[in-house]
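Scroll down for the structure; my scribbles are underneath it.
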Amino acid sequence: MERINFQAIEKKWQKKFSKKKLYNSGKKKFYCLEMFPYPSGKIHMGHVRNYTIGDVIARYKFLNGFDVLHPMGWDAFGLPAENASKSNNLHPKIWTHQNIETMKRQLKLLGLSIDWDLEISTCDKEYYKHQQELFIDFYNNGLVSRKETYVNWDPVENTVLANEQVINGKGWRSNAVVERKKLSQWFFNITKFSNDLLNDLQDLDGWPEKVKLMQQNWIGKSFGCEINFSVSDKKKNIKVFTTRPDTIFGASFLALSADHELSAEFLDNEEFKKFKKECNKTGTTEEALANADKLGFNTKLFAQHPFITSKKIPIYFANFVLMDYGSGAIFGCPAHDQRDFDFAKRYKLEIIKVVSDKREDKELKEAFTGNGNIINSDFLNGLDIEQAKEKIINEIEKRDLGKRKTLFRLKDWGISRQRYWGCPIPMIYLEDGSVVPVDKSELPIELPDDIDLNSKGNPLDAHPTWKITTHKLSGKKAVRETDTLDTFVDSSWYFMRFCSPNHKQSPFDEDKIKYWMPVDQYIGGIEHAILHLLYSRFFTKGINKFNKRINLNEPFKNLFTQGMVCHETYRDKNGEWLYPEEIEKINSTSAVKKTDKTNVIIGAAESMSKSKKNTIDPEIMITQYGADAVRWFILSDSPPEKDIQWSDTGVSSANKFLQKIWNMNFLLSKREDKKSNKEREKQFNITINVYLNKIDKSINDFRFNVSIALFYEVYNFFKGFIDENISNKVLNENIVKVMKLMIPFTPHLANECLDLHRCKDIDKWPEIQKNVSEEIKLAVQINGKTRDIVKIKKDLSEQEITKIISKDSKAKKYIENKKIIKTIFVKNKIINYILPNQ
RNA sequence: GCCCUCGUGGUGAAAUUGGUAGACACAAAGGACUUAAAAUCCUUGCCCUUUUGGGAGUGCCAGUUCGAGUCUGGCCGAGGGCACCA
């Protein structure tokens with residue numbers, strides 16, 4: 001068998017790829033973007049999968065006549081750089097740039113069709129200068145604010161986290177229990193776009209439903225109304241938000257957050273202090289949340305029921321009421337809300353049913369939240385829930401007791417970080433206490449290189465001179481903001497910068513944005529379903545608000561979220577994790593440690609991670625099997641949106657198959673011409689064309705595992721015809737078509753083969769005819785059970801087919817001398833004869 | 001607790017308008033070639049049958065239909081998202 005040296009041809013073709021631009025016609029554009037990586041050190045298999053998928057799409061679109069924008073850059077700010085520099089005494093800038101160099105070299109080994117002239121790095125001052133400019137634009141347009149708030153404080157990272165970065169009460173990176181701390185912080189007013197961010201999801205047809213749903217839940221819109229309760233004996237009102245105003249006649253208490261303004265009156269109360277402390281504790285750990293009892297503090301105050309003059313209801317502080325949602329106060333209707341029910345049981349409060357569950361005799365064991373008719377509710381009686389809501393809200397507004405209101409769960413985006421390795425916030429504090437943006441002419445506000453990362457707290461704040469400045473307009477002394485921006489800001493507009501990465505005057509050239517945006521295909525991990533994608537949508541809408549020229553409402557037209565790359569885990573007898581190269585497999589269920597031959601425990605396949613040591617180094621795989629084989633394997637078997645399991649035998653057999661492909665191409669190039677059998681040639685052409693159609697469609701549908709299965713099939717089919725009486729010309733035409741279809745998957749091998757066949761127009765997708773087949777396979781069923789499959793001419797009628805079948809078919813014996821009651825006939829698909837039951 | 005998604009051989013999976021279930025591959029077993037091994041190739045892959053062939057079968061139970069992996073209802077199981085959101 002003729003073998004090929006993948007290392008040699010890959011090197012050769014990668015040189016050519018690096019010079020090649022994916023611009024073709026100047027007529028149709030396609031912006032293909034994969035989420036840019038964080039330069040953590042080396043690329044991992046997740047990157048390989050992400051960028052291979054993107055490369056297939058980019059190359060496919062280019063071959064189909066599109067101008068393709070396919071850039072790459074680096075999400076280069078972030079904590080790991082600081083942590084790394086502390087542990088090995090390397091400046092974050094140097095560490096980051098070294099990593100970028102390594103990963104760039106590794107990405108090139110994959111043979112990606114990336115236009116490296118467009119490369120950007122968010123830690124470059126040329127990039128963050130424009131980010132600071134955008135920040136000022138956002139500020140000037142009322143989209144930035146400064147608020148004193150409780151923040152999520154990560155005691156390990158020593159920084160503030162956004163709500164989204166707190167997972168089950170723990171920091172998303174450090175996994176440390178998050179504390180509550182009051183700080184003055186910068187915010188992007190993302191909530192100003194709550195409605196747009198929600199409604200525009202509807203237009204994103206090219207997004208996975210799952211992601212849209214997650215964002216929808218995250219934004220969390222709910223309808224209801226605000227009701228004012230007056231506090232007896234005080235000239236005070238308590239504002240309450242509810243989505244169930246229809247249950248107002250079932251209200252038996254008010255519950256307030258411990259941070260509610262009314263708590264001011266109880267600050268000296270020892271019991272209240274104890275209660276509040278208890279409240280701050282819950283909500284930190286997962287178990288606490290799940291098992292948290294409904295606890296309250298009785299204020300001994302009462303509120304006037306707005307619709308029942310004779311009724312006063314007790315006011316409690318309760319641990320399950322949150323200050324930062326609604327007004328921090330609720331009315332409790334125990335019969336129809338489970339939390340209220342638990343609370344009422346504990347404190348022996350009244351439980352009044354106001355929605356009938358049709359089992360009126362029984363005492364409630366739990367809250368009834370289903371639909372029913374309103375009872376015990378004066379003028380609402382007899383209505384259903386929706387009618388009652390409408391009527392009571394109208395009544396509340398009429399009597400001036402409150403108003404209709406829509407609430408969102410989404411909160412503003414806190415962006416201040418007390419870190420060094422991030423984009424400085426371009427704001428200054430004057431001596432008179434005012435806070436103003438720096439003059440745009442002073443941008444960029446550069447990060448200082450001389451920094452002591454071991455200083456306590458914020459390194460920029462600890463720098464001796466950096467923060468001291470003057471206000472350009474007034475000449476007055478000023479102090480810089482020493483917080484830096486959340487790195488999610490960096491990635492919220494990089495896709496726009498890619499359209500004109502070297503544009504000096506402004507963040508982007510508007511004409512380029514108008515041409516390339518929106519991104520036609522965005523590809524990345526599902527873990528960014530909420531944070532990154534929501535922030536990017538917000539940024540786009542924000543910029544669109546003050547820059548009317550770009551006329552862009554959504555950044556990503558189509559979104560694809562790929563699955564993770566998994567590998568089984570290994571532990572030795574002491575429970576220590578082991579790398580795959582440290583073990584030796586005996587069979588699929590047992591393995592031993594290479595060093596001392598002791599038993600290894602094989603664990604389930606999990607997402608590759610350094611902490612579990614179940615990683616495979618892509619570069620080693622590329623060196624061993626070739627980039628094409630790695631690409632091929634990572635796309636085969638599983639659909640790209642699902643998790644895949646890495647297997648060494650898988651990549652090795654990918655390599656073997658690609659060798660066979662080369663061998664076949666080689667044999668064809670040396671083949672002695674044969675006399676042609678026109679009929680066989682015709683059949684051959686037709687079948688190959690069927691495969692080409694199927695492969696083309698599968699690429700379009702992002703079903704690359706199917707494409708690869710079809711390549712195996714077309715290879716097996718092709719191979720069978722080499723010794724037949726078919727001319728070299730026909731074989732050559734067809735192999736060229738097949739190899740062209742392989743370019744997106746295995747660009748090195750495919751190009752090498754096309755060179756071998758002296759193919760000229762390698763940048764053009766082959767012509768694929770639609771449905772040329774004249775023969776079809778028809779299923780013959782008796783009473784719905786398939787008895788035979790017959791190969792017949794296309795478009796035959798029911799009568800013609802029945803004639804053929806009753807003459808010669810395996811189904812013949814079933815219908816011979818039988819009465820056929822009914823025939824179901826679907827042209828070119830099935831014929832089903834219904835016989836009487838026997 | 002609420003919301004969503006998914007259950008097909010030993011494994012990853014095909015079957016994309018209700019019409020051939022298991023394509024394609026991995027693993028396994030047997031065989032061919034070889035002094036031997038590797039590599040390569042072939043066969044097998046649930047049940048009955050020597051074969052021809054027949055039967056069961058897509059988590060479980062019902063239903064709709066000439067026909068259900070696909071549609072409907074209920075149950076069981078797995079995964080993901082949110083989590084005291086009023």
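Every chain is numbered from 1, with letters handed out A, B, ... down the list of sequences. These values consider heavy atoms only, across backbone and side chains, with no hydrogens, waters or symmetry-generated copies. Computed from a predicted model, the values in this text were never measured in an experiment.
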Nearest-Å distance for atom pair [atom1]/[atom2], residues [X] and [N]:
X         : N       : atom1 : atom2 : answer
Phe657(A) : rC24(B) : CZ    : C1'   : 10 Å
Leu710(A) : rA25(B) : CG    : P     : 11 Å
Met664(A) : rU40(B) : CE    : P     : 17 Å

Need one value for [X]: base, sugar-phosphate or nothing, where a base atom within 4.0 Å counts as base even if backbone is also close, heavy atoms only.
X         : value
Ser647(A) : nothing
Lys777(A) : base
Val321(A) : base
Tyr712(A) : sugar-phosphate
Thr823(A) : nothing
Ile824(A) : base
Asn705(A) : sugar-phosphate
Gln645(A) : nothing
Leu322(A) : base
Lys660(A) : sugar-phosphate

OP1 or OP2 of [N] sitting under 4.0 Å from any side-chain N/O of [X]?
X         : N       : result
Arg787(A) : rG55(B) : yes
Thr786(A) : rA21(B) : yes
Lys785(A) : rA56(B) : yes
Ser653(A) : rC26(B) : yes
Ser638(A) : rA13(B) : yes

- Would a 4.5 Å heavy-atom cut-off, applied to side chains only, mark Leu262(A) and His260(A) as touching?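 Contact flag for Leu262(A)/His260(A) side chains = yes.
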Problem - Ile695(A) and Phe711(A), any side-chain heavy atoms less than 4.5 Å apart - result: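 Heavy-atom side-chain distance check passes, below 4.5 Å.
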List the atom pairs, donor and acceptor, that lie under 3.5 Å between side-chain atoms in residues 633-644 of chain A and the rest of the protein, sequence neighbours left out.
residue: Ser636(A); atom: OG; partner: Phe633(A); partner atom: O; Å: 2.9
residue: Asp643(A); atom: OD1; partner: Met564(A); partner atom: N; Å: 2.8

What nucleotide among [options] has an atom nearest to a side-chain atom of [X]?
X         : options                   : result
Asn832(A) : rG19(B), rC26(B), rC24(B) : rG19(B)
Ser222(A) : rA83(B), rA21(B), rA86(B) : rA86(B)
Thr243(A) : rA14(B), rU17(B), rA86(B) : rA86(B)

Say you pick atom [atom1] in [N] and the same atom in [M]; how far apart are they, in whole Å?
N       : M       : atom1 : value
rC82(B) : rU64(B) : P     : 42 Å
rA39(B) : rU49(B) : P     : 37 Å
rA28(B) : rU17(B) : P     : 37 Å
rC71(B) : rG81(B) : P     : 25 Å
rC42(B) : rG12(B) : P     : 25 Å
rU72(B) : rU5(B)  : P     : 11 Å
rC61(B) : rU70(B) : P     : 13 Å
rA21(B) : rA38(B) : P     : 39 Å

Heavy-atom nearest nucleotide on RNA chain B taken for Asn716(A) and for Lys822(A); more 5' hit belongs to Asn716(A)
By nearest-heavy-atom nucleotide on RNA chain B, the more 5' of Leu213(A) and Tyr325(A) is Leu213(A)
- Should the ring pair Phe657(A) and Tyr712(A) be called parallel, tilted or perpendicular, given that the plane angle runs from 0 to 90° and is split at 30 and 60?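 Geometry flag for Tyr712(A) against Phe657(A): tilted rings.
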Exercise for the section: Taking the six-membered ring for Trp and the single ring otherwise, decide whether the centroids of Phe702(A) and Phe704(A) are under 6.0 Å apart. Expected result: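 Between Phe704(A) and Phe702(A), which both carry aromatic rings, the centre distance is below 6.0 Å.
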Does rG31(B) sit syn or anti, given that only angles within 90° of 0 count as syn?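 Anti, since the glycosidic angle lies more than 90° from 0.
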* Asked: Can you list the residues that meet the ring pair (Phe, Tyr, Trp, His ring centres under 6.0 Å) rule with Tyr325(A), with sequence neighbours excluded?
  ->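 Expected list: none.
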Identify which one of Ile392(A), Val354(A), Ile330(A), Val355(A) satisfies the side chain to side chain contact (heavy atoms under 4.5 Å, CB included) criterion when paired with Arg244(A).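 Option passing the side chain to side chain contact (heavy atoms under 4.5 Å, CB included) with Arg244(A): Val355(A).
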